[in-house]
Amino acid sequence: MRAAEQLDARSTPDARSALDGRSTRWDDHRAARRAQLVNAARKAVHREGPGVSMDEIAGEAGTSKSIVYRYFEDKAGLRLAVAANVVATMHDALREAAEAAPTPHAALRAMVRVYLEMIEHSPNVYWFVTRTAIGGNEPAPGAAGTGQVEALGAYLDSVIELVAEPFAKAVQVPPALAAAWAAGAVGFVRGAGEWWLGHGSGPAGADRLTREELTEQVTLWLWTGPVGVLHHEGVTPPVPSTSHPAQPQENR
């Protein structure tokens, strides 16, 4: 068959279908292999710590570092994939906990508890995912790790929506106010949790809170703040005005 005829043959519907099928199978295989490498990376980080090397990750995956680089451009790319996997898992766990709770207060407590359970279960993975955004050390735009910070930002935004729901159910407030409270609550829980991780060594006692003690305390602090005041006093905060107040004239 001449070359032109071969080209025409490859252009038939059956030929195109075969090519599409092979492409789909390759895409599926590549996605599955990337997922395997991400899981291996999580295990290696869990065991070795946030400073785990690519060689150690490859060893956990039972392959070579060069194979890992076929699926991820560099370590920052692999870290971004791990971050996306971790935050998706955490988001799903938080949503399930909130939806299973019988009351708004219980939903808030359940989300705080799940968050602390997950970061305590593997602090190494947590720091591996979040450390570029801690202490103001966020990379410059376009630098390695920027995508990771953006992924975490999107995760925090979605968690804010989850946390806002119990607040909105407990007190009738404008959506913007519920979102503002939830944003503060998320930052508060994250800050308290990271402080706790950094002070978590040693037996429970005067110098260390148990996970359950911290769960109850953080929930109490959040719930008896604006939620408690507004709910028990029946006060509906005014909607902030978008107009600018008149500027006072200078004395002449």
Side-chain angles (χ1 to χ4, degrees), residues 10 14-97 114-159 190 193-194 196-198 200-201 211:
R10 286 195 294 269
D14 289 343
R16 288 196 298 271
S17 179
L19 288 173
D20 290 343
R22 286 196 293 272
S23 177
T24 299
R25 286 194 296 273
W26 168 246
D27 290 342
D28 291 344
H29 168 77
R30 184 172 180 82
R33 186 58 172 150
R34 281 175 60 90
Q36 291 171 355
L37 292 173
V38 167
N39 287 334
R42 287 187 63 166
K43 291 178 181 178
V45 173
H46 178 78
R47 184 180 64 251
E48 304 295 339
V52 65
S53 69
M54 290 295 277
D55 284 320
E56 290 169 325
I57 291 172
E60 178 65 39
T63 188
S64 65
K65 186 166 62 174
S66 62
I67 296 297
V68 177
Y69 282 127
R70 290 184 186 178
Y71 295 88
F72 302 96
E73 182 178 351
D74 51 24
K75 189 175 182 180
L78 177 58
R79 182 181 293 159
L80 175 58
V82 172
N85 179 273
V86 169
V87 298
T89 300
M90 186 174 286
H91 183 273
D92 289 345
L94 290 171
R95 177 171 288 282
E96 290 174 4
V114 165
Y115 173 78
L116 294 178
E117 286 176 350
M118 295 187 77
I119 67 174
E120 184 185 37
H121 172 70
S122 187
N124 284 340
V125 171
Y126 180 80
W127 292 127
F128 180 78
V129 167
T130 63
R131 62 180 181 172
T132 55
I134 291 174
N137 295 321
E138 298 185 4
T146 301
Q148 180 186 356
V149 174
E150 291 173 350
L152 290 172
Y155 159 72
L156 290 175
D157 287 344
S158 65
V159 170
R190 182 180 178 185
E194 291 178 0
W196 179 66
L197 278 185
S201 60
R211 184 181 68 230

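Model, not experiment: these values are computed from the prediction. These numbers come from the heavy atoms of this one structure, side chains and all, not from hydrogens, waters or symmetry mates.
No side-chain heavy atom of Val52 sits under 4.5 Å from any side-chain heavy atom of Glu60. Counting heavy atoms from C-beta on, the side chains of Ile67 and Arg33 come closer than 4.5 Å. The shortest side-chain heavy-atom distance between Arg95 and His91 falls under the 4.5 Å cut-off. Within the 4.5 Å cutoff, the side chain of Thr63 has no heavy atoms near those of the Arg70 side chain. Put simply, the side chain of Glu117 does not reach to within 4.5 Å of the side chain of His121, judged on heavy atoms.
Counting non-hydrogen atoms of other residues, nucleotides and ligands closer than 6.0 Å to NZ of Lys43 gives a total of 12 or fewer. For Glu73, the CD atom is loosely surrounded, since the number of other residues' heavy atoms within 6.0 Å does not exceed 12.
When each of Val129, Ile57, Asn39, Leu37 is tested with Val82 by the rule side-chain contact (heavy atoms from CB on, under 4.5 Å), just one qualifies, namely Val129.
In terms of modelled atom types and a separation under 3.5 Å, the side chain of Arg211 and the main chain of Leu116 share no donor-acceptor contact.
Figure legend: cation-pi geometry between Arg190 and Tyr115 absent, as NZ or CZ is not positioned both under 6.0 Å from the six-membered ring centre and within 45° of its axis.
The heavy-atom pair separating Pro50 from Trp127 by the smallest distance is CG-CB, 3.9 Å.
In this structure, CG on Leu78 lies 8.5 Å from CZ on Arg34, to the nearest 0.5 angstrom.
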